[in-house]
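Working notes, structure below.
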Number of protein chains: 2
Amino acid sequence: MNPPLPRRTERGGARRGGADQAGGADQTARDIAAAWERERPGTPATSIGIVTPIWQLAKLFGDDRRRVLARAGVDSATLDLLSVLRRSGAPYTLSTRELGRRSMITPGAISQRVARAEREGLVTRVPGEGRPRTVQVTLTRAGHDLVEATVDQVLGREADLVSGLTPDQQAQLTELLDVLLADVQRRLGDGRLTQVGYD
Amino acid sequence: MNPPLPRRTERGGARRGGADQAGGADQTARDIAAAWERERPGTPATSIGIVTPIWQLAKLFGDDRRRVLARAGVDSATLDLLSVLRRSGAPYTLSTRELGRRSMITPGAISQRVARAEREGLVTRVPGEGRPRTVQVTLTRAGHDLVEATVDQVLGREADLVSGLTPDQQAQLTELLDVLLADVQRRLGDGRLTQVGYD
DNA sequence: GGTGTTACGTTTAGGGCTAAATGAAGGCCT
DNA sequence: AGGCCTTCATTTAGCCCTAAACGTAACACC
């Protein structure tokens, strides 16, 4: 028994009762929530409809961006650093502290990102005048040029990817995501990255 | 002078014209889109309102989940593997291929995940009967127990995080995310993970 | 004016992932 | 039959990140 397993999962195929092999499709949030309810009645599955697609979309967007950038010989992390500096406007300088906050990564990661970018001549690093042990990072000409050469490609590509939604839907989605994000940030303690707190 | 730097960025502070230091706040998608428009008029910024908050939310959810799981001595990647198997129902067995599809990671990553989990006694790996070079992965008792002990914690926590939205908003958001996800998957070539295609 | 604290950035150890190279087993075609 | 191509999983090299340990430098307080 057991036909050699169709090479490609056929959508809308015979949805068997057991649901053991997940009939076909891509394991949507709906499938996952239903599976938990079937396997462990009472599992708190209410968040799945939101968290799972967000996670999957972020993965798809991220993977796609990486591939687009690989053609240009950059990696996402470096372009993110350069973009933050570029967006900040002339003189394209920010403290490492500020960079970390805007990129949502740890101080250690910032150190490494900046070190890599500096090694490639995309940014320079100078001791901050004002405050004690701070470091100011500035975009070089090469870094500036690299942003100009790639950012439209990345953003244009992503605009295509979300173009399946009507402008109305896009606006609605943006609004809801903003509300959720603001609320989640508040619950997680706003600025603090590395701490949840109850211990 | 110079009060030791307010520990917390004050929101709604004096928003200076130059916008160079981004007054305060957390660099919302709106800020980012406005910054591009200011710095490079014509930059295709329409996707930012959607892609950026999705990315940030995924990061916040992911970081938080990692911290919750660290207390239980597991990592997110391993729990993801175990959860997929657990949800599939008895006999808690799936092929590595299927695991990769459901977790959206490359075959190499699956090999490593399974190897780690096997080393810890959470799953077993046996050659697939039916097809040639396939491998079937099965949850062990220890793996099953670990899921039971942690999944409610993780999902409950995430339910809290999204509870700031009204049930209506949650339903609306879920719906929009589903539509977007389905469309993006279609555009990226559905199942294929590692390929965008135009070369 | 010492001394402890606090605030920084950096370094290190280790984990996880991707992409590409590798190896092995069928299937297909002539 | 033999050769080629395809399909799997695994291995390897390299990247990026987190968490924690470090090393400093400025304050603050007594």
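Proteins come first, then strands; the chains are lettered A, B, ... in the order of their sequence lines, and each starts at number 1. Scope of the values below: all heavy atoms of this structure, side chains included, with no hydrogens, waters or symmetry mates.
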Practice prompt. Mind calculating the distance between CZ (B/Arg119) and P (D/dT10) to the nearest angstrom?
Written response: 13 Å
Discussion item. I want to confirm an ordering. Mapping B/Val135 and A/Arg116 to their closest nucleotides on DNA chain D, which one lands closer to the 5' end?
Written reply: B/Val135
Worksheet item: Whole-Å distance between C/dC17 C1' and A/Asp64 CG?
Response: 17 Å
Discussion item. I want to confirm an ordering. Mapping B/Arg66 and A/Thr78 to their closest nucleotides on DNA chain D, which one lands closer to the 5' end?
Written reply: A/Thr78
Worksheet item: If you check every side-chain atom of A/Thr106, which of D/dC17, D/dT12, D/dT18 has the closest atom?
Response: D/dT18
Discussion item. Nearest to the side chain of B/Thr96, heavy atoms from C-beta on, is which of D/dC17, C/dG9, D/dA9?
Written reply: D/dA9
Worksheet item: Is the shortest distance from a Lys or Arg side-chain nitrogen in A/Arg102 or A/Glu98 to a carboxylate oxygen in the other one below 4.0 Å?
Response: yes
Fill in: Spacing of A/Ile105 atom CD1 relative to D/dC16 atom C1', expressed in whole Å
9 Å
Fill in: Value in whole Å for how far the P atom of C/dA20 lies from CZ of A/Arg67
11 Å
Worksheet item: When all nucleic acid strands are considered with a 4.0 Å heavy-atom cut-off, which category describes A/Ser111: base, sugar-phosphate, or nothing?
Response: base
Worksheet item: So what does B/Ala77 touch, heavy atoms closer than 4.0 Å: a base, only the sugar-phosphate, or nothing?
Response: sugar-phosphate
Worksheet item: When you measure from the side chain of A/Pro107, which nucleotide among D/dT18, C/dA19, C/dT10 comes out closest?
Response: C/dT10
Discussion item. Which nucleotide wins on minimum distance to the side chain of A/Arg125, given the candidates C/dT12, C/dT10, C/dC17?
Written reply: C/dT10
Worksheet item: If you take all heavy atoms of B/Ser111 and B/Arg125, which pair is closest and at what distance?
Response: O-NH1, 4.3 Å
Discussion item. Please report the distance, rounded to the nearest Å, between CD1 in B/Ile110 and C1' in D/dT11.
Written reply: 16 Å
Fill in: Phosphate OP1/OP2 of C/dT18 contacted by A/Lys59 side-chain N/O (<4.0 Å)
yes
Worksheet entry | pair A/Arg86-A/Leu139: side-chain heavy atoms closer than 4.5 Å | yes
Discussion item. If I take atom CD in residue A/Gln112 and atom P in nucleotide D/dG14, what distance separates them, rounded to the nearest angstrom?
Written reply: 17 Å
Practice prompt. For the side chain of B/Arg97, starting at C-beta, report the closest nucleotide among D/dA9, C/dT10, D/dA19.
Written response: D/dA9
Worksheet item: Just wondering, are more than 12 heavy atoms of other shown residues or ligands nearer than 6.0 Å to CZ in B/Arg30?
Response: no
Worksheet item: With a 4.5 Å limit on heavy-atom distance, are the side chains of A/Thr134 and A/Thr96 in contact?
Response: no
Fill in: Rounded distance in Å - CG (A/Leu81) to C1' (C/dG9)
15 Å
Fill in: Rounded distance (Å) that lies between atom C1' of D/dT10 and atom CZ of B/Arg113
16 Å
